[in-house]
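Hydrogens, waters and symmetry mates play no part in the numbers below; they use all other heavy atoms, side chains included. This one's a predicted model, so the numbers in the text were calculated from it and none came from an experiment. Heads up: numbering here begins at 1 and tracks the sequence.
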Amino acid sequence: MSRSWSRTSVAIAGATAALAVLTACGGGDPAAAGDGGHVTITYWGWAKGTKQTVDAFNATHDDITVKYEEIPSGGAGGYAKIANAVKAGNAPDLVSIEYPSLPEFVSQGSLQDISQYVTDDLKKQLLPQAVELTTLGGKNWAVPFDAAPQTYYYRKDFFTQHKIEVPKTWDEFRTAAAAVKKADPKARIGTFFPDDPTTFEAMVWQAGARWFATEGDAWKVDTTDPATKKVTAYWQGLLDDGLVNSATSFSPAWTGALKSGDTVGYLGASWGAGALKGLVPDQSGKWAAAPMPTWDGKPAGGMLGGSTWAVTKDSHQAAAAVKFATWMSTSPDAIKARLSSGDSSAYPAAAALRPVAKKAFDTGFYGGQDLYGLFDGAAAAIKRDWAWGPTGGTTNTTLKDAFGKAADGNGTLADAVRSAQDATVRELRKRGLKVAGQ
């Protein structure tokens, strides 16, 4: 029987604490905001709508001014920029960090423990899965912003024209993939992204895999469990049979295939609704969204991305930074400002903001479909026994490189997953951490 996600998170973080991975924060006592003085904080991020959100905060708050710098997304260089700034001692006060990368930044001592500012009242407002992913060793390391439940987007006009049923299971997805190819030899039901391991990880998460766990004071790593093997074999079969495209995510090739109709589906997440609308605006009314297919037809999911706000270790403005982060995550004015960009379809971790987001996001592109109702169901179905490890950068870089080779026919997805296992174990040992069963 799987342990609860709460027990898993505490156990994993407990092991990291025992191994001195969760280091003490630096920078002395943080300055408090709201004591009559004015505080200026610096913030780095990249999510769509962030500038509008910062502008709205600065226009309505006299005690804190936020200076925002847009940086590349995490995997595109943003995380390296943050890490280098922390090492150089000139990091901003607040940074965007996605859930999968948070444990690594914590383990490297780059962030402050903000437990004193993350109140029980705040936690109660947020999706439990999001709170658990930001809680390590019984300490809070970030304020969750959004969840990213998996979602399948598809060309409703194409499916309707060719009488193809929207798949509810992965078996039906393969059947539908064959039907799409038969209806139009150039068209494919979706794309395998060799550059984006997080999409694959969300699918193995959905299938019930647990890549990271602990045994006593040691890490247990298993990327070759039965659930992962099932997902790996499934996608290898789709690639071998030419039933899906392979392209770099959000590349000109992928976008071009969407525009030409050579790709008629997108396995993404809640945030993908805004991204897709911005990529192919001329296809308004032709797209719809559906729950992600599952193995048995019952609701289940993983999380694909999702953002948090974390305070860097040397910040002297932790109280003010968390006050701003909490406003971004829980204020109706904040989510209205973010979605006013037209490109963001963020699904807030704060339950009270979801009706606000639903009203703010124009779903005309999707024929007026109730997307946020769909996201609600998908978020509730996110499995609760997954945790990220402290070497996510190594794991994902290895997967990215090996997936790229496999997509070109040089190796298999199974080879890629095995190489990720080996590289992760090596990196854990390099950092002086124990690895169980290796």
Is there side-chain contact between [X] and [Y], with at least one heavy-atom pair below 4.5 Å?
X	Y	value
W295	V231	yes
W211	T228	yes
T308	V143	no
S96	Y43	yes
M328	T53	yes
R384	P128	yes
L243	R174	yes
S246	P194	yes

Aromatic contact between [X] and [Y], with the criterion being ring centroids under 6.0 Å apart: yes or no?
X	Y	result
W386	Y99	no
W44	W46	no
W271	Y347	no
Y154	Y266	no

Can you confirm whether the side chains of [X] and [Y] place a donor and an acceptor under 3.5 Å from each other?
X	Y	value
N140	Y117	no
S329	W309	yes
E427	T391	no
S115	D113	yes

All N/O donor-acceptor pairs, side-chain side in residues 402-413, below 3.5 Å, sequence neighbours left out:
from	atom 1	to	atom 2	distance (Å)
T412	OG1	A414	N	3.4
T412	OG1	D415	N	3.0
T412	OG1	D415	OD1	3.4
T412	OG1	D415	OD2	3.1

Under a 4.0 Å N-O cut-off, is there an ion pair linking [X] with [Y]?
X	Y	value
K123	E132	no
D225	K229	no
D217	K434	yes
D196	K400	no

For a side chain to side chain donor-acceptor pair (under 3.5 Å) check, start with the C-alpha distance between N245 and T263, then their side-chain angles and the critical distance, and finish with the verdict. CA-CA 8 Å; N245 287 323; T263 296; 2.8 Å; yes
A cation-pi test, strictly: NZ or CZ of K156 under 6.0 Å from the centre of the six-membered ring of W287 and no more than 45 degrees from its axis. Yes or no? no
Distance (rounded to the nearest 0.5 Å) between Y68 OH and T50 OG1: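 The distance works out to 4.5 Å.
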Using the ring of each side chain (for Trp, its six-membered ring), is W235 parallel, tilted or perpendicular to F173, with breaks at 30° and 60°?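 If you compare the ring of W235 with that of F173, the planes turn out tilted.
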Scan residues 140-152 for pairs that pass salt bridge (Lys or Arg N to Asp or Glu O under 4.0 Å), counting only residues two or more places apart or in two chains. none
Pairs meeting criterion salt bridge (Lys or Arg N to Asp or Glu O under 4.0 Å) with involvement of residues 71-94, two or more places apart: E69-K81
Determine whether K51 and D55 satisfy the following criterion, salt bridge (Lys or Arg N to Asp or Glu O under 4.0 Å), listing intermediate values before the conclusion. CA-CA 6 Å; K51 182 182 184 301; D55 289 345; 2.9 Å; yes
Before giving the answer on ring-ring contact (aromatic ring centres under 6.0 Å, His included), spell out for W205 and F200 the whole-Å C-alpha distance, their side-chain angles and the decisive distance to 0.1 Å. CA-CA 9 Å; W205 178 347; F200 179 82; over 10 Å; no
